[in-house]
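In what follows, chains are A, B, ... by sequence order, proteins preceding strands, each numbered from 1. All values derive from a computational prediction rather than experimental measurement.
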Protein chains: 2
Amino acid sequence: MSLPHALLGLLAAAPATGYELAREFESDLGRYAWQAGHASIYPELAKLAARDLVRVVDQGPRGSKTYDITEQGRAELRSWLLHRSGDGVVRNEGVLRMFLIPTLDPDDQRSVLTAIAEETAAAEAELRERLKGGTDPRCSPRAELGLLAGRFGLGQYRATHEWATRALEELDARVADSRRPN
Amino acid sequence: MSLPHALLGLLAAAPATGYELAREFESDLGRYAWQAGHASIYPELAKLAARDLVRVVDQGPRGSKTYDITEQGRAELRSWLLHRSGDGVVRNEGVLRMFLIPTLDPDDQRSVLTAIAEETAAAEAELRERLKGGTDPRCSPRAELGLLAGRFGLGQYRATHEWATRALEELDARVADSRRPN
DNA sequence: TACGACATGTAAGAGGTTACATGATTCG
DNA sequence: CGAATCATGTAACCTCTTACATGTCGTA
């Protein structure tokens with residue numbers, strides 16, 4: 001039930017069409033926070049418009065509708081951001097995998113942990129590169145969302161990398177230990 | 001579509017009733033990785049049993065059914081853990097909030113970031129305490145899942161805390177800057 | 001003029017939550 | 001004996017995904 005707030009948030013940064021919002025969900029936003037396809041976005045925009053939280057401010061030549069957030073919408077968004085009751089829904093397939101790693105035998109564990117360590121290192125490097133590029137002073141209104149979020153992603157990647165590395169070390173130590181049981 | 005694998009993973013650590021599995025989802029597992037209520041667990045266990053991935057190994061006095069994973073189930077779980085195609089679904093309300101913080105005015109931003117910094121510090125401390133207790137050598141089969149997962153959580157909390165702290169510092173710097181515009 | 005990007009929508013179905021419904025056992 | 005906990009299940013509803021369906025505009 002966070003989709004409406006995700007949309008309000010994006011529109012609070014800048015007006016956009018449903019199509020543009022859908023692409024937004026394909027980048028960082030959908031990567032760490034919330035995913036949504038156009039098939040859920042268009043109906044949700046219509047619902048938000050019916051509740052006067054957003055409003056069509058322009059119609060393009062291809063039948064595109066540009067939405068903007070209203071004052072009520074801004075109030076709703078603010079209230080949602082300030083009155084955070086717990087952390088709500090969490091559903092992360094990658095983290096679930098990490099939980100279940102100990103059910104594998106040591107060789108398989110090593111294989112999965114190595115893959116995680118490599119992937120997080122690569123992802124961190126790539127993201128760092130991307131952030132370096134986009135920090136010019138006259139950045140788009142949505143770029144600030146991306147900057148804060150991107151740095152959050154950086155920290156998560158790094159933490160995950162360190163976790164996997166440490167788990168690998170302990171795994172090796174334990175195997176070495178069991179091979180020398182005298 | 002990760003619920004079946006979450007259940008397989010828990011059963012791979014130790015046999016359990018649906019009721020016990022439901023409680024498992026209320027702790028660390030549901031906190032960071034995947035949530036599920038009994039109303040989705042019971043039907044899913046029945047489906048897994050129909051596919052011979054799990055099996056009823058005991059019936060308790062109150063009509064409880066203890067499930068265990070089968071060889072096929074173990075193979076399915078292993079294959080899912082090893083052939084990780086991307087990171088799949090991510091849906092995290094807390095992270096979404098973090099993304100949208102820049103849409104608030106500076107005072108509200110400070111308020112939200114301060115709350116995040118405090119909560120993550122408290123959560124990290126509490127989790128650290130909890131992990132310290134449960135690390136005895138003859139731990140339950142499920143405790144190892146919890147240990148690795150718990151350390152993952154520790155890293156995430158700390159990374160989030162540092163992120164929020166840095167964001168607060170920059171926010172203060174920017175406000176101080178704009179108040180001295182000569 | 002054909003292809004790719006832009007742009008919006010609906011329908012069917014999967015997956016999950018909330019609420020409803022039931023009953024056994026244990027403990028104070 | 002009453003309340004809390006254990007224990008399972010179904011039904012209605014909501015949300016989101018996948019697939020289907022349509023049409024415009026720019027450009028090579």
Side-chain angles (χ1 to χ4, degrees), chain A residues 1-8 10-11 15-27 29-31 33-51 54-68 80 85-93 96, chain B residues 1-8 10-11 15-27 29-30 33-51 54-67 80 85-93 96:
Chain A
M1 254 278 316
S2 302
L3 177 59
H5 296 104
L7 294 173
L8 287 174
L10 291 174
L11 292 176
T17 66
Y19 186 82
E20 288 166 336
L21 293 169
R23 277 196 314 188
E24 211 77 42
F25 279 98
E26 284 165 19
S27 61
L29 183 67
R31 213 189 185 71
W34 207 266
Q35 280 168 297
H38 79 273
S40 45
I41 292 170
Y42 290 125
E44 190 60 51
L45 283 171
K47 277 191 227 167
L48 289 171
R51 292 169 60 200
V54 304
R55 171 176 53 124
V56 176
V57 290
D58 193 24
Q59 310 231 64
R62 297 185 208 183
S64 74
K65 290 183 260 181
T66 301
Y67 287 89
D68 196 4
W80 183 75
S85 55
D87 273 299
V89 183
V90 172
R91 197 153 271 157
N92 189 320
E93 211 176 299
L96 177 59
Chain B
M1 253 280 314
S2 302
L3 176 59
H5 296 105
L7 294 173
L8 287 175
L10 291 174
L11 291 177
T17 66
Y19 186 83
E20 287 165 336
L21 292 169
R23 277 196 315 188
E24 211 77 41
F25 280 97
E26 282 165 22
S27 60
L29 183 65
W34 207 266
Q35 281 168 299
H38 78 274
S40 44
I41 291 170
Y42 289 125
E44 189 60 51
L45 283 171
K47 276 191 228 167
L48 288 171
R51 293 168 58 200
V54 304
R55 170 176 54 124
V56 177
V57 291
D58 193 24
Q59 309 231 63
R62 297 184 207 180
S64 74
K65 289 183 260 180
T66 301
Y67 287 88
W80 182 76
S85 53
D87 272 300
V89 183
V90 171
R91 197 153 270 156
N92 190 319
E93 211 174 300
L96 177 59

Let me confirm one number: the CG-CH2 distance from Leu96(A) to Trp80(B), rounded to the nearest 0.5 Å. 4.0 Å

Per atom distances to the Tyr19(A) side chain, the nearest of dT17(C), dA5(C), dA24(C) is dA5(C)

To the nearest Å, give me how far apart NZ (Lys47(A)) and P (dT8(C)) are. 18 Å

What range of DNA chain D does chain B touch, first nucleotide to last, counting atoms under 4.0 Å from its heavy atoms? dT5(D) to dT17(D)

Main-chain N/O of Arg91(A) paired with Gln35(B) side-chain donor or acceptor, under 3.5 Å: no

Please walk me through it: do Leu3(A) and Phe25(A) pass side-chain contact (heavy atoms from CB on, under 4.5 Å)? CA-CA 11 Å; Leu3(A) 177 59; Phe25(A) 279 98; 4.0 Å; yes

Begin with the C-alpha distance, continue with both residues' side-chain angles, and end with the deciding distance and a verdict on side-chain contact (heavy atoms from CB on, under 4.5 Å) for Val54(A) and Leu7(A). CA-CA 9 Å; Val54(A) 304; Leu7(A) 294 173; over 6 Å; no

On a heavy-atom basis, which atom in Trp34(B) and which in Glu93(A) lie closest, and how many Å separate them? CZ3-N, 3.8 Å

Just to confirm, is there a sub-4.0 Å distance from OP1 or OP2 of dT17(C) to any side-chain nitrogen or oxygen of Arg91(A)? yes

Measure the distance from CZ on Arg62(A) to C1' on dT8(C) and round it to the nearest whole Å. 13 Å

Nearest-Å distance for atom pair CD/C1', residues Glu26(A) and dA5(C): 13 Å

Separation of dC6(C) P from Ile41(A) CD1 (nearest whole Å): 15 Å

Approximate separation, where rounding is to 0.5 Å, of Leu45(A) CG and His38(A) NE2: 12.0 Å

Taking atom C1' of dG16(C) as reference, at what distance in whole Å does atom CG of Leu7(B) sit? 13 Å

May I have the distance from Leu21(B) (atom CG) to dG16(C) (atom P), rounded to whole angstrom? 15 Å

Identify whether any heavy atom of Ser40(B) sits under 4.0 Å from a base atom; if not, whether one sits that close to sugar-phosphate; answer base, sugar-phosphate or nothing. base

For Val90(A) and Gly30(B), work out which heavy atoms get closest and say how close. CB-O, 4.2 Å

Taking the nucleotide of DNA chain D with the nearest heavy atom to each, does Pro4(A) or Arg23(B) sit closer to the 5' end? Arg23(B)

Interatomic distance where CD belongs to Glu44(B) and C1' belongs to dT17(C) [whole Å]: 15 Å

Can you tell me how far P of dG16(C) sits from OH of Tyr42(B), to the nearest Å? 17 Å

Judged by nearest nucleotide, the residue sitting upstream toward the 5' end of DNA chain D, Ala39(B) or Trp34(A), is Ala39(B)

